[in-house]
Amino acid sequence: MKRNKIIFWVATTIIILWEGLMPLSTLLFAPQYVNAGTKPLGYPDYFAYTLIICKVLGVLAISYPKAPAKLKEWAYAGLAFNLIFAFISHSYVDKNIGFMLMPIVVLGILAVSYIYNNKIRSKSL
């Protein structure tokens with residue numbers, strides 16, 4: 001059980017930093033770069049702000065231990081869709097292999113967090 005929690009928290013911490021803290025810090029401390037990732041892909045400026053808000057809310061939901069299970073499921077799904085569509089956008093627009101692989105790597109880490117979250121929940125029930 002302890003091993004499962006360690007794996008869950010390591011994976012979840014990476015997600016918190018990558019999907020929550022980095023976008024939020026960009027919004028707060030370097031707002032001129034908020035749409036640096038979405039504008040070259042052809043998305044409107046407001047999309048970047050919406051994406052940041054949704055990422056931060058999703059990260060809060062998966063990291064808060066007492067969040068309802070349904071809310072966590074939706075948060076994991078939303079973050080997964082975000083990463084899948086980031087991969088698709090980069091593969092169709094800029095075709096940069098580094099930009100294409102990064103969402104897939106983060107998606108893999110998100111999957112580890114999800115799997116170990118379910119293992120921890122099923123043992124505690």
Side-chain angles (χ1 to χ4, degrees):
M1 183 67 161
K2 186 176 182 179
R3 180 180 153 270
N4 290 349
K5 283 186 179 183
I6 290 171
I7 294 170
F8 166 76
W9 280 111
V10 167
T12 304
T13 300
I14 294 169
I15 297 300
I16 291 167
L17 294 172
W18 191 263
E19 291 293 302
L21 192 60
M22 280 179 34
L24 185 60
S25 64
T26 302
L27 179 64
L28 296 175
F29 302 114
Q32 67 272 24
Y33 297 114
V34 163
N35 62 355
T38 55
K39 193 155 195 85
L41 297 173
Y43 293 109
D45 289 343
Y46 65 84
F47 182 71
Y49 293 98
T50 306
L51 201 55
I52 290 170
I53 291 166
C54 291
K55 284 180 175 188
V56 170
L57 290 174
V59 163
L60 287 173
I62 68 169
S63 61
Y64 182 61
K66 296 184 188 220
K70 273 271 200 248
L71 180 63
K72 284 187 185 242
E73 290 286 327
W74 278 98
Y76 276 113
L79 290 169
F81 291 142
N82 166 55
L83 293 165
I84 291 166
F85 290 126
F87 168 76
I88 292 169
S89 293
H90 286 294
S91 64
Y92 277 100
V93 176
D94 57 19
K95 296 173 181 42
N96 182 322
I97 194 72
F99 292 158
M100 291 165 55
L101 286 179
M102 188 52 80
I104 299 302
V105 169
V106 177
L107 182 62
I109 297 168
L110 183 69
V112 169
S113 173
Y114 177 76
I115 289 165
Y116 279 88
N117 177 52
N118 285 339
K119 285 184 180 186
I120 292 168
R121 267 199 2 244
S122 67
K123 298 238 177 174
S124 66
L125 295 178

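Just so you know, residue 1 is the first one in the sequence shown, and it goes up from there.
- Contact record, Val56 with Gly20: CG2-O, 3.7 Å, taken as the closest heavy-atom pair.
- In the hydrophobic clustering of ILVMFWY residues, with side-chain heavy atoms under 4.5 Å counting as a link, Ile109 and Val112 come out together.
- In this structure, Tyr33 is not a member of the same hydrophobic cluster as Leu27, with clusters built from ILVMFWY side-chain heavy atoms closer than 4.5 Å.
- For Lys119, there are no salt bridge (Lys or Arg N to Asp or Glu O under 4.0 Å) partners, not counting sequence neighbours.
- A pairwise comparison of heavy atoms in Glu19 and Asn82 identifies OE1-ND2, 3.0 Å as the closest pair.
- Linking ILVMFWY residues whenever their side-chain heavy atoms come closer than 4.5 Å, directly or via other members, leaves Phe81 and Leu71 in distinct clusters.
- Trp74 is not connected to Leu60 by any chain of hydrophobic side-chain contacts under 4.5 Å among Ile, Leu, Val, Met, Phe, Trp and Tyr, and they are in different clusters.
- Val59 and Leu79 make their closest contact through N-CD1, 4.3 Å (heavy atoms, listed as atom of the first residue, atom of the second, distance).
- A heavy-atom distance below 4.5 Å is not found between the side chains of Met22 and Leu17.
- Hydrophobic clustering (ILVMFWY, side-chain heavy atoms < 4.5 Å, transitive): Ile115 and Ile14 are in one cluster.
- One distance of note links CD1 of Ile15 with NZ of Lys55; it measures 10.0 Å at 0.5 Å rounding.
- Considering only residues two or more places apart in sequence or on other chains, Phe87 meets the ring-ring contact (aromatic ring centres under 6.0 Å, His included) condition with none of them.
- In terms of heavy atoms, Ile62 sits closest to Ala75 at CG2-CB, 3.7 Å.
- To the nearest 0.5 Å, the span separating CD1 on Ile88 from CG on Leu83 amounts to 11.0 Å.
- We find the CD1-OG1 distance between Ile7 and Thr12 to be 11.0 Å, quoted to the nearest 0.5 Å.
- Note that CG of Leu107 is 12.0 Å distant from CG of Leu101, once rounded to the nearest 0.5 Å.
- For the atom pair CH2 of Trp9 and CD1 of Ile6, the computed distance is 13.0 Å after rounding to the nearest 0.5 Å.
- Within 6.0 Å of atom CH2 in Trp18, 12 or fewer heavy atoms from other residues, nucleotides or ligands are found, so the atom counts as exposed in its surroundings.
- Considering only residues two or more places apart in sequence or on other chains, Lys72 meets the salt bridge (Lys or Arg N to Asp or Glu O under 4.0 Å) condition with none of them.
- In this structure Phe47 satisfies the ring-ring contact (aromatic ring centres under 6.0 Å, His included) test together with Tyr43, sequence neighbours excluded.
- Listed by chain and number, the residues in a ring-ring contact (aromatic ring centres under 6.0 Å, His included) with Phe99 are His90 (sequence neighbours excluded).
- Residues that satisfy the ring-ring contact (aromatic ring centres under 6.0 Å, His included) test with Tyr116, not counting sequence neighbours, are absent from this structure.
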**Study point:** Pair Glu73-Asn117, side chain to side chain contact (heavy atoms under 4.5 Å, CB included): steps then yes or no
**Key:** CA-CA 10 Å; Glu73 290 286 327; Asn117 177 52; 5.7 Å; no

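- The distance from the CD1 atom of Ile16 to the OG atom of Ser63 is 4.0 Å, given to the nearest 0.5 Å.
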